[in-house]
Number of protein chains: 2
Amino acid sequence: MTVRRRDPPRIEVGLNAVIVAVTDHRPRVLTLPGPDPADPGGGTADLLPYGPLDPGGDRTLDLTLRGWVRAQTRLDLGYVEQLYTFGDRGRLEGGAPDGEVRTLSVAYLALARESGSGSAARARWKEIYAYLPWEDGREGRPDFFDRVLVPRLERWIDAAPNRREREERRDRAAVGFGLYGSDWDGDRVLERYELLYGAGLVQEADRDRRRAGVSCEADPAPLPGRPMGADHRRMLATALGRIRGKIRYRPVVFELLPPRFTLLQLQRVVEALSGVELHKQNFRRLVERGGLVEGTGEVESRTGGRPAELFRFRREVLRERRAPGVGLPGIGSG
Amino acid sequence: MTVRRRDPPRIEVGLNAVIVAVTDHRPRVLTLPGPDPADPGGGTADLLPYGPLDPGGDRTLDLTLRGWVRAQTRLDLGYVEQLYTFGDRGRLEGGAPDGEVRTLSVAYLALARESGSGSAARARWKEIYAYLPWEDGREGRPDFFDRVLVPRLERWIDAAPNRREREERRDRAAVGFGLYGSDWDGDRVLERYELLYGAGLVQEADRDRRRAGVSCEADPAPLPGRPMGADHRRMLATALGRIRGKIRYRPVVFELLPPRFTLLQLQRVVEALSGVELHKQNFRRLVERGGLVEGTGEVESRTGGRPAELFRFRREVLRERRAPGVGLPGIGSG
DNA sequence: CCTGATATACTCAATTTGAGTATAAGCGAG
DNA sequence: CTCGCTTATACTCAAATTGAGTATATCAGG
C-alpha cells in the first residue's frame with residue numbers, strides 16, 4: 001500500500017493543548033494564528049498551541065506540554081488532563097510524501113483563569129462558541145439552527161445512496177442534534193462535529209477533500225462556525241465534550257473561577273460551559289447542600305442589586321463524599 | 001523492542017488492548033505470557049496484547065489495533081474505545097540507552113463476549129480481580145483489606161518525611177480507599193493503583209526501582225494481587241475505571257452479554273464490573289423503566305427456580321432519550 | 001420612601017431512590 | 001401430590017431529590 005524508501009517511515013508526536021477559560025459568561029480558548037498544516041494553499045488559520053515531543057526531553061508528556069505552553073504563551077497551567085490521541089494517517093502530513101512520516105497528536109485539556117498577562121506572544125483568547133456555535137443553547141437554539149443547520153442535515157440525509165444508509169444518517173442526526181423526538185445531549189459535542197464534518201458542512205471537510213484531490217463544489221454558504229487549522233476544531237469539540245461531562249461529577253469548575261466568587265458567578269460559568277440555562281434557586285440549593293462551597297463572611301456589592309455573599313470552594317469536599325460536581329438537571333439515570 | 005542507534009532519538013508507538021469479557025460473574029481480561037520488557041532479569045510476565053504501530057500501515061489506529069488483535073488472538077473486536085496514551089520516559093525502554101528511543105503506548109479498551117475460540121495462540125483469559133483484588137467489593141471488603149492493605153498504607157503515611165507530606169498521603173489514601181470517613185468510590189481504580197505503586201506496595205514498584213538502580217529491601221510479604229509486565233497493570237486499572245464510569249451513563253454492558261439474557265444475568269455482569277452488589281428488585285425497575293430492555297416472550301428455565309424471561313437490548317434507546325446506562329445507586333449529584 | 005435590581009429563603013407537588021414484603025412458578029425429595 | 005427450596009416478578013412505602021415557583025431581604029438611585 002505504501003511505498004517504503006530507505007529507512008522506515010518515521011513517527012512524529014505532537015502535543016496540543018486546549019486551554020479553556022471563562023470570562024464574562026463566555027467560554028474561551030487560547031489560540032495562535034499560524035499557517036494551516038493541512039492547507040497546501042497556505043492560508044493562515046487559528047491553531048491550538050502545539051509543540052513537538054522531544055523524545056529525549058522531559059520525563060512525562062504533561063511536563064513537556066506545560067513547558068512549551070509556558071514558552072509560547074507565558075501561561076502556567078494548573079489543571080491539565082489528557083484528552084485523546086489523534087493518529088489517523090493523512091491527517092496533517094500535508095507536505096510530506098505519503099508514508100514518509102506519520103503524525104500523532106496527543107491532545108490535552110487545560111483549565112486556566114485567563115490572567116491578563118496570559119496572552120503574551122501572539123496567543124489570543126477566542127470564544128469557543130465562535131467555532132462551535134450550535135453548542136450554545138443558553139438562549140434557546142441559536143437562530144441559524146432550524147433555519148440553516150437542520151435543512152442542510154436533511155439534504156445530507158436524503159442524499160444517502162440507499163435506504164439503510166439513509167436511516168443510519170437520520171439516526172445519527174437525531175441523536176446528535178436532538179431531532180425527531182430525541183433529546184439534546186449536551187455532552188455529544190464531538191459526535192456533532194464529526195457528523196457535520198462527515199456531512200461536508202464544515203469548512204475543514206471541504207479543505208481536506210480538496211487536498212485529497214477529490215473534486216467537490218465549494219459549499220455555497222458555509223454554516224456559521226469559524227474553522228480552525230489542521231483538525232484542531234475536532235480537538236476543541238473533544239475538549240468541550242469532556243468538560244461538560246466532567247463538570248457534573250467532579251468539581252472542576254472551580255479551576256476557572258477566582259478564589260472567591262458569588263454563587264451567580266459560579267452558575268454563569270457552569271452555564272457558559274454546558275450551554276444551557278439553569279434554575280437559579282435550585283442551583284444554589286444544589287451546591288450549598290452538596291457542601292461544595294462555603295460562605296466567607298464577605299459580600300460583593302457590585303451586583304446591581306442586593307449584595308451577594310462571596311463563597312469559596314471547600315477543598316475538603318474532595319476528601320469527603322463523592323465530590324459531586326455541580327450536577328446539571330436531568331442527569332439521573334432515568 | 002528493537003534497539004535503533006545512529007541519529008536523533010526515535011519515538012516508537014505501541015498499541016495495547018485491554019480486552020474485557022465477563023463469564024460466570026467474573027470480569028476477565030485477555031493476556032499473553034511474555035518476557036517483561038521492564039525486567040532486565042528477564043522473567044516472563046502476564047502482558048496485554050501489544051503491537052507496534054506501523055507508520056505506513058492502516059489508516060487509523062483503531063484499525064491497526066483490530067488487525068493485530070485478530071492476528072494474535074483470533075478475536076474480532078466489537079466495541080473499542082481509546083483509553084489513554086502513556087508516555088513517561090523510562091517506562092519500558094528497558095535495554096536501550098537513555099535517550100535513544102522513547103516509547104509511547106496508546107491503550108485501548110475493548111469489550112468482547114469471550115467466545116471459546118477467542119483464546120487462540122497463547123492468549124489466556126484471566127480474572128481481572130486477580131490483578132486488582134482490592135477492587136472486588138461484592139462480598140464486602142476482601143479479607144486482606146483491613147488486615148494487610150490498610151496497615152501497610154498507614155505505615156507508608158507515617159513514613160512521610162514531614163507533616164505536610166504526611167497529611168497529603170493521608171488524604172490520598174482516604175479518598176482512594178474510602179478510609180477515615182470518606183466514601184468508597186468505585187471509579188477511582190487508577191488512583192488506587194497509582195497510590196499503591198507510589199507507596200511501593202505493588203511488585204511493579206520494586207521492579208522499577210531495582211531497574212533504576214535504587215536499592216530497596218524486597219517487600220517481605222507482597223500485597224495480594226498478581227503483577228503484570230511493563231506498566232500493563234496500570235493500563236488494566238485505567239480500563240476498569242473507565243468501564244465503571246461509563247456503564248452508568250451509556251449502555252455498554254450489552255456488548256458483554258449474549259443477544260438474549262435474563263435480568264439477573266445482566267445484573268451480575270454489572271455487579272462483576274462495578275464490584276458492588278445491587279438490590280435486585282430496584283435494578284429490575286431501573287432497566288425496565290429506562291426502556292433499556294424489552295422482553296422476548298421466551299423464558300430461560302435453567303435458573304434453579306422460577307424460569308426467568310429472556311430480554312434483549314432495545315437498540316432504539318440509543319435514538320431516544322439520553323441512553324442512560326444501568327445506573328448504580330448513589331450516583332446523583334448530592 | 002419608591003423603583004428596580006439581584007440575593008436568598010421557603011414551599012410544594014412530582015419523581016426517584018432505597019429497602020422491603022408479597023406472590024408466582026419452577027424443581028426435587030419424600 | 002405436596003412440602004420446601006429456589007429464583008422471578010409485582011407491589012408498597014417512606015425518605016430523598018428535583019423542578020418550578022412564591023416570598024422576602026437588601027442594596028443603589030432617584
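Letters A, B, ... mirror the listed sequences (proteins, then strands); counts begin at 1.
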Exercise. Got a second to check how far B:Leu310's CG is from B:Phe261's CZ, nearest 0.5 Å?
Worked result: 9.0 Å
Tell me the interatomic distance from [X], atom [atom1], to [N], atom [atom2], rounded to whole angstroms.
{"X": "B:Leu310", "N": "C:dG26", "atom1": "CG", "atom2": "P", "value": "14 Å"}
{"X": "B:Glu277", "N": "C:dA19", "atom1": "CD", "atom2": "C1'", "value": "15 Å"}
{"X": "A:Phe283", "N": "D:dA20", "atom1": "CZ", "atom2": "P", "value": "16 Å"}
{"X": "A:Asn282", "N": "C:dC12", "atom1": "CG", "atom2": "P", "value": "16 Å"}
{"X": "B:Leu264", "N": "C:dG26", "atom1": "CG", "atom2": "C1'", "value": "15 Å"}
{"X": "A:Arg284", "N": "D:dT24", "atom1": "CZ", "atom2": "P", "value": "18 Å"}
{"X": "A:Glu300", "N": "D:dC27", "atom1": "CD", "atom2": "P", "value": "14 Å"}
{"X": "A:Glu309", "N": "D:dC27", "atom1": "CD", "atom2": "P", "value": "13 Å"}

For this session: Assign each of A:Pro307 and B:Leu263 to its nearest nucleotide of DNA chain D by heavy atoms, then name whichever residue's nucleotide is nearer the 5' end.
Result: B:Leu263
For this session: Let me know, please, whether A:Gly305 or B:His279 comes out on the 5' side of the other along DNA chain C by nearest nucleotide.
Result: A:Gly305
Problem set entry | Upstream residue (5' side of DNA chain C) when B:Arg285 and A:Thr262 are each assigned their closest nucleotide | A:Thr262
Problem set entry | Result of checking A:Arg242, A:Arg248, A:Arg244 against A:Asp187 for salt bridge (Lys or Arg N to Asp or Glu O under 4.0 Å) | A:Arg248
For this session: Have a look at A:Leu286 and tell me which of A:Glu288, A:Arg289, A:Arg284 forms a side-chain contact (heavy atoms from CB on, under 4.5 Å) with it.
Result: A:Arg289
Problem set entry | Side-chain-base donor-acceptor pair under 3.5 Å for A:Gln281 and C:dT11 | no
Exercise. With no angle test and no hydrogens, is the base of C:dA24 tied to the side chain of B:Arg306 by a donor-acceptor pair under 3.5 Å?
Worked result: yes
Exercise. Do the side-chain N or O atoms of B:Lys280 get closer than 4.0 angstrom to the phosphate oxygens (OP1, OP2) of D:dA8?
Worked result: yes
Exercise. Is the shortest side-chain N/O distance from A:Arg289 to OP1 or OP2 of D:dT18 below 4.0 Å?
Worked result: yes
Problem set entry | Pair A:Glu167 + A:Arg170, salt bridge at N-O below 4.0 Å | no
Exercise. With distance as the sole criterion, is a donor-acceptor pair present between the side chains of A:Tyr79 and A:Glu81 under 3.5 Å?
Worked result: yes
